[in-house]
Amino acid sequence: MAAFEADCNDGQGEPVACHHVGEFYSVVKDEHNRSAKVYEKNCYGKNYGPSCFNLARLYLAGKGVEQSDSKAETHFELACKDKHLQACYHQAIMLFYAGEDVNNAPTGQPTPSAAGAKPAAVASSNASTTPSTSSVPPGGVLSAQMIQQKRTEALKLFDWACTEGEYDSCYFSGGHYLDPKNNERDPQKAISYLKKSCAANHAPSCFNLAVLYRKGDTNDIGEVVDLKVNPAMKMWDGSLSDGVELTVRSTKAVEEAYIGCSIAVNGVCLTATAYDHEQFTVGLAPETLRRSNLGSLTPGSKVNIERALRADGRNSGHFVQGHIDNTALIVHKWTEGDSLWVKLAVPPNLIKYIVPKGFIALDGTSLTVCDVDTIASTFTIMMVAHTQQSVILPSKAIGDRVNIEVDVLGKLVDASVQASLAQLQAQIDALRVETQALQAQLHQQQPSQPKRH
């Protein structure tokens, strides 16, 4: 430490050495007043970001200096201008919650290190390398318009810091665009932020991303570009035949696409035959057209898009194969609070596979069955607010049809039971034939009784 102090106190005042001296007095000696002076000299004299950052934290905690949110924000901004990315994150946090208690931050979004601080906006100068903040009227009272302006500035700063590699900022932006109370809610934008931070092994971002990519939860809402008959589809022997091709625009679906990969459209598992940077094409077999609603699509139609589940992904829904059983008819819709109820009718042969609190896939969305009427062959599902905003079912009207896939486990159990019953019935029939044969044999062996006169 003596060497650091010597380097700090010489004529040049080496900033890294001075910073270590400040940390020594703050962390080891617990002399925050002394460390604050070292940090302040290093921050203003040398424009050394890490010292500005540590001084801001002392102002937040009121250690060695008088507690001051405004001075904390000022020093976070100074550190941010020196490309101290963690300081940029803290500055953005204080801007975003200007006039509020940071404890009101939405769940899942990080907050400043000094929990409970009530950020207040401060005047700041323009910076060429980072987004600038606006000044505050005397007294520090912010209008609703200025609060919104500061939130906009904060989001720009989060975005810049995320681009520079500050992954808490990516995580915060992802949480912001997932917040159901946010008018700017955009799950796809949220995913783009979370993917960037998850790629850098930011565990909370990876967790949120896994939840979004759960099986049976739509990855994207795509738009139909074209549905046409291609008269030149090549068969296995080289001959040509008519075939139906569907092209869908979805930048999310093509991110990791390859020729032959599986992509579910409205819950139908299909094979990609072509793709570019924003859309993909699949073929629709006659069986697919008979059993699904894909043949009724037109350019501009919205469709649920889901990529295949990764082997290392979390499965928060149920196993959806993408093998459609038939279509269901929407017969009634109603709301209860912020929940949307939908009642659907299915062919009678499918109702036995649908049970209360069981699974059902509608246009590929994994949902929980609420009530079942086996006589009328109808069932109900309920969607919470988050699901409503992520799939196309709420936009469909009474009388529209949706693709339905019942739980494959129910079909497997039924097939197993039916096979066992068939074997049992065959054994019963064989025993009946054998019994009848024995009875006939016994009848033939019995002596005839003399007639009585």
Side-chain angles (χ1 to χ4, degrees), residues 188 213 215-311 313 317-329 346-347 349-350 360-366 390-393 395-396 400-408 411:
Q188 296 311 314
Y213 280 164
K215 185 62 179 172
D217 187 13
T218 301
N219 294 162
D220 192 16
I221 295 179
E223 181 178 332
V224 173
V225 176
D226 195 14
L227 178 66
K228 65 180 181 181
V229 174
N230 183 349
M233 298 290 285
K234 184 177 290 187
M235 305 288 284
W236 82 98
D237 60 358
S239 62
L240 302 180
S241 182
D242 291 346
V244 179
E245 289 186 321
L246 172 67
T247 301
V248 179
R249 181 179 294 108
S250 170
T251 55
K252 185 58 60 179
V254 300
E255 282 184 354
E256 300 176 357
Y258 54 90
I259 300 300
C261 72
S262 295
I263 302 176
V265 179
N266 276 0
V268 183
C269 182
L270 301 168
T271 300
T273 57
Y275 69 95
D276 58 23
H277 66 284
E278 66 174 7
Q279 63 188 36
F280 65 92
T281 298
V282 293
L284 302 182
E287 174 72 358
T288 302
L289 294 170
R290 280 192 295 268
R291 286 184 176 265
S292 72
N293 61 9
L294 298 186
S296 64
L297 297 174
T298 58
S301 295
K302 301 297 183 182
V303 289
N304 289 334
I305 299 295
E306 184 181 0
R307 297 176 293 181
L309 177 67
R310 293 170 58 98
H318 77 283
F319 286 106
V320 179
Q321 296 180 296
H323 301 163
I324 301 303
D325 294 295
N326 211 310
T327 58
L329 180 70
V346 297
N349 66 310
L350 292 179
I360 196 77
L362 300 179
D363 277 345
T365 303
S366 174
S390 304
V391 299
I392 63 172
L393 181 56
S395 64
K396 295 202 170 186
D400 286 347
R401 288 193 170 274
V402 298
N403 294 328
I404 181 173
E405 180 185 335
V406 299
D407 187 5
V408 67
K411 291 192 290 185

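Atoms CG and CG, from L240 and N230 in turn, are 9.0 Å apart once rounded to the nearest 0.5 Å. To the nearest 0.5 angstrom, F280 atom CZ is 11.0 Å from T251 atom OG1. For the atom pair R291 CZ and H323 NE2, the distance stands at 11.5 Å (nearest 0.5 Å). Distance CZ/R249 to CG/D276: 9.5 Å, rounded to 0.5 Å. Note that CD of E255 is 8.5 Å distant from OG of S250, once rounded to the nearest 0.5 Å. Put simply, CG on N266 and CD on E405 are 13.0 Å apart, with the number rounded to the nearest 0.5 Å.
Between the side chain of N304 and the main chain of I392, a donor-acceptor pair closer than 3.5 Å is present. Without hydrogens or angle criteria, T273 side chain to T281 main chain gives a donor-acceptor distance under 3.5 Å. The main-chain N or O of V406 is found under 3.5 Å from a side-chain atom of D325 such that the two form a donor-acceptor pair. Under the 3.5 Å distance criterion, the side-chain polar atoms of D220 are left unmatched by any main-chain donor or acceptor of I305. For the pair K396 (side chain) and R401 (backbone), a donor-acceptor distance under 3.5 Å is present.
Taking each heavy atom of V346 and A328 in turn, the nearest pair found is CG1-CB, 3.8 Å.
For the side chain to side chain contact (heavy atoms under 4.5 Å, CB included) criterion with D363, the lone passing option out of V303, V402, V268 is V402.
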Q.
One pair to check against side chain to side chain contact (heavy atoms under 4.5 Å, CB included): V391 and L362. What are the steps and the verdict?
A. CA-CA 10 Å; V391 299; L362 300 179; over 6 Å; no
(Q) With side chain to side chain contact (heavy atoms under 4.5 Å, CB included) as the criterion, how do V244 and L294 come out once you've worked through the C-alpha distance, each side chain's angles and the decisive distance to 0.1 Å? (A) CA-CA 11 Å; V244 179; L294 298 186; over 6 Å; no
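Side-chain contact between V224 and L246 is present, with at least one heavy-atom pair separated by less than 4.5 Å. Within the 4.5 Å cutoff, the side chain of L297 has no heavy atoms near those of the V248 side chain.
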